[in-house]
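Atoms within each ligand, like the ligands themselves, are counted from 1 in listed order.
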Amino acid sequence: MHEFRWRLLWLSIPTLLLCLLLWPLAGLEYALGALALAAIVYLLAHFYWLEKLAKWLKQPELATMPIGSGIWEDVFAALYQEIRRQTSSQTQLSSALERFQHAASALPDGVVLLNTSDQIEWCNPPAEVQLGLRLAQDTGQPIGYLVRQTEFTSYLQAQDYTESIKLNTLRNPDITLEVQLIPFGDKQKLLLCRDITPMEKLETMRRDFIANVSHELRTPLTVVGGFLETLEDMESGIPESTRQYFKLMLEQTVRMRHLVEDLLTLSQLESSQNVPQETEIEIPSLLNMVMTEGESLSNGRHRLLLEADSSICLTGATEELHSAFGNLVSNAIRYTPEGGDITLKWGLRGDSAEFCVTDTGLGIEPQHISRLTERFYRVDRSRSRATGGTGLGLSIVKHILTRHQARLEIQSEVGKGSTFSAVFPAARVVRKNPIPDRKESAA
Ligand code: ADP
């Protein structure tokens, strides 16, 4: 700008001096005429360079850029610098993009870049193979049109991408994929998919093995148990010390039978992904049954109380929920010393429904709480065994609740007692006309 002003000054001073000289020599008209001529020449020069610029802008290549003169030399020089800067940063950007694409293409897992409308922007070759995409044809297509499995559609729509999902490809149902969406930037998403067929096969083998072994053990255990019961019941000919052995053997056989039953239940829960036969369950009547079973297990040693909101029902699998609720009540009884209170509550918590079992029992130290639903995890192994525990009860509860999209919450204080709550999502809650229900049994 500074330079421009100087240039203007250098051009205008001689022109003005010339006109001032002409004025006394040739008169005012000639002087003004010369001034006007100089202004026209100046303007024409600008039009010339403007025209050149307009022409060049139609095909803006660095090599053909005009050099310009006067102020236009500066304009073209500045433009040249700017375009060079832009070209170099564009080259850097595209080479970075190319490097990223090369790296992502070399990944063994599938990667798909989705824009804010879930349309495909780019994908690597493994994603093409695993999801049946064609980058050349499918760029710009919504991913939901091309990956059509209902599990994926619900996953995409749910907008909760914290967990991955398993998909069986439509072209080859024997192939299992693990798919996860990762949101990034401004509502864009990265879809990652991995072929987990070998791991799934191993998992199925493990499940089948446990199920088969448990199944095979069931019959011999029933036979041994039956004979032991007969021997124990025999009136004469057996010394009292031997009868004691039979009693112990029978106890262990029953324990093994429970273990086998629990293992079978777990493998059945694991092998079928969906909840069987969902019906509308009258939870209060189900809880009356659970309560009766609890009373029989407690055998009058505890005070059991049931508070159920009879207007709240649930959709789910009756047998599974019976087993889960029964396990929680059985634990409360087994881990509460004689004379303790056990309260069963069923009702609403906000929009969700919850079943709580509160006991005044031993309680659990905080460090154990997060691990209680692991298979065979016991806080006190000998107590669990002594009360007929298998170490699988809470694992079964957790599985059943997960199949019902419910969660297990555990609150406990050592020496004071525990509360185990099964919280069910609002979508499973069915509301009916309220009839207050309250049942008590005294110790
Ligand atoms: P188990 O057959 O040993 O009871 P579970 O899976 O049902 O196995 O429970 C795991 C462990 O959690 C138990 O061994 C016990 O230590 C603890 N536990 C479960 N319920 C209670 C409870 N109501 N009070 C105290 N401890 C409990």
Side-chain angles (χ1 to χ4, degrees), residues 210 214 217 221 251-270 287 290-291 293-299 301-307 319-346 354-404 406-423 441 443:
I210 293 176
S214 313
L217 282 173
L221 277 174
E251 265 172 27
Q252 292 305 313
T253 316
V254 170
R255 211 171 78 74
M256 275 163 79
R257 259 203 331 242
H258 285 161
L259 193 64
V260 163
E261 293 301 333
D262 277 1
L263 278 172
L264 269 173
T265 309
L266 255 183
S267 55
Q268 268 160 15
L269 285 171
E270 279 181 333
L287 288 181
V290 172
M291 180 83 170
E293 288 159 11
E295 280 161 353
S296 133
L297 181 68
S298 161
N299 202 13
R301 287 176 295 126
H302 308 88
R303 209 172 80 95
L304 268 79
L305 173 71
L306 169 65
E307 288 174 18
E319 268 188 36
E320 289 193 0
L321 290 178
H322 189 164
S323 157
F325 294 172
N327 260 310
L328 292 179
V329 174
S330 141
N331 277 354
I333 293 167
R334 290 189 297 114
Y335 297 105
T336 301
E338 199 168 340
D341 290 334
I342 289 147
T343 313
L344 283 63
K345 277 190 190 158
W346 167 249
E354 71 172 350
F355 170 62
C356 300
V357 184
T358 305
D359 63 53
T360 54
L362 307 173
I364 307 152
E365 286 177 67
Q367 71 269 24
H368 298 295
I369 290 182
S370 61
R371 302 197 56 192
L372 293 183
T373 54
E374 287 174 23
R375 284 157 203 228
F376 298 113
Y377 189 86
R378 289 127 156 172
V379 177
D380 181 346
R381 205 161 269 272
S382 53
R383 184 167 183 104
S384 162
R385 286 217 180 100
T387 57
T390 60
L392 294 171
L394 288 181
S395 191
I396 293 174
V397 172
K398 170 92 184 290
H399 262 83
I400 294 175
L401 294 187
T402 308
R403 283 153 72 84
H404 287 79
R407 61 178 193 277
L408 180 67
E409 289 180 1
I410 307 168
Q411 283 166 338
S412 190
E413 213 177 307
V414 176
K416 289 205 167 167
S418 321
T419 298
F420 285 73
S421 315
V423 187
S441 95

Residue and atom name of the nearest protein heavy atom (relative to [atom]), distance in Å to one decimal:
atom: atom 3 (O) of ligand 1; answer: Ser384 OG, 2.5 Å
atom: atom 17 (C) of ligand 1; answer: Leu372 CD2, 4.0 Å
atom: atom 19 (C) of ligand 1; answer: Asn331 ND2, 3.6 Å
atom: atom 21 (C) of ligand 1; answer: Tyr335 CD1, 3.6 Å
atom: atom 23 (N) of ligand 1; answer: Asp359 OD2, 2.9 Å

Has ligand 1 got any nitrogen or oxygen that is less than 3.5 angstrom from a nitrogen or oxygen of Leu394? yes
Geometric N/O contact Ser395 with ligand 1, under 3.5 angstrom: no
Given side chains that start at C-beta, do those of Leu362 and Thr336 come closer than 4.5 Å, heavy atoms only? no
Could you check whether any side-chain heavy atom of Trp346 comes within less than 4.5 Å of a side-chain heavy atom of Glu307, counting everything from C-beta outward? no
Below 4.0 angstrom from a heavy atom of [X], which ligand 1 atoms are there? Numbered from 1 as shown, please.
X: Arg378; answer: 3 (O), 14 (O)
X: Gly393; answer: 5 (P), 6 (O), 7 (O)
X: Thr390; answer: 2 (O)
X: Tyr377; answer: 10 (C), 11 (C)
X: Ser418; answer: 24 (N)
X: Arg334; answer: 1 (P), 2 (O), 4 (O)
X: Val379; answer: 14 (O), 16 (O)

Any donor-acceptor pair under 3.5 Å linking the side-chain atoms of [Y] with those of [X]?
X: Asp341; Y: Thr360; value: no
X: Ser382; Y: Asp380; value: yes
X: Gln268; Y: His399; value: no

Mind checking whether [X] has a heavy atom under 4.0 Å from ligand 1?
X: Arg385; answer: no
X: Leu362; answer: no
X: Phe376; answer: no
X: Gly391; answer: yes

Might you point out which heavy atoms bring Ser418 and Gly363 nearest each other, and give the distance in Å? OG-CA, 3.6 Å
Does atom CD (Gln411) have a neighbourhood of more than 12 heavy atoms from anything else shown, all under 6.0 Å?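 12 or below, so no.
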Heavy atoms from other residues, nucleotides or ligands near CD of Glu319 exceed 12 (cutoff 6.0 Å):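 No, the 6.0 Å shell around CD holds no more than 12 heavy atoms from other groups.
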Taking NZ, NE, NH1 and NH2 as the nitrogens, is one of them in Glu270 or Arg375 under 4.0 Å from a carboxylate oxygen of the other? yes
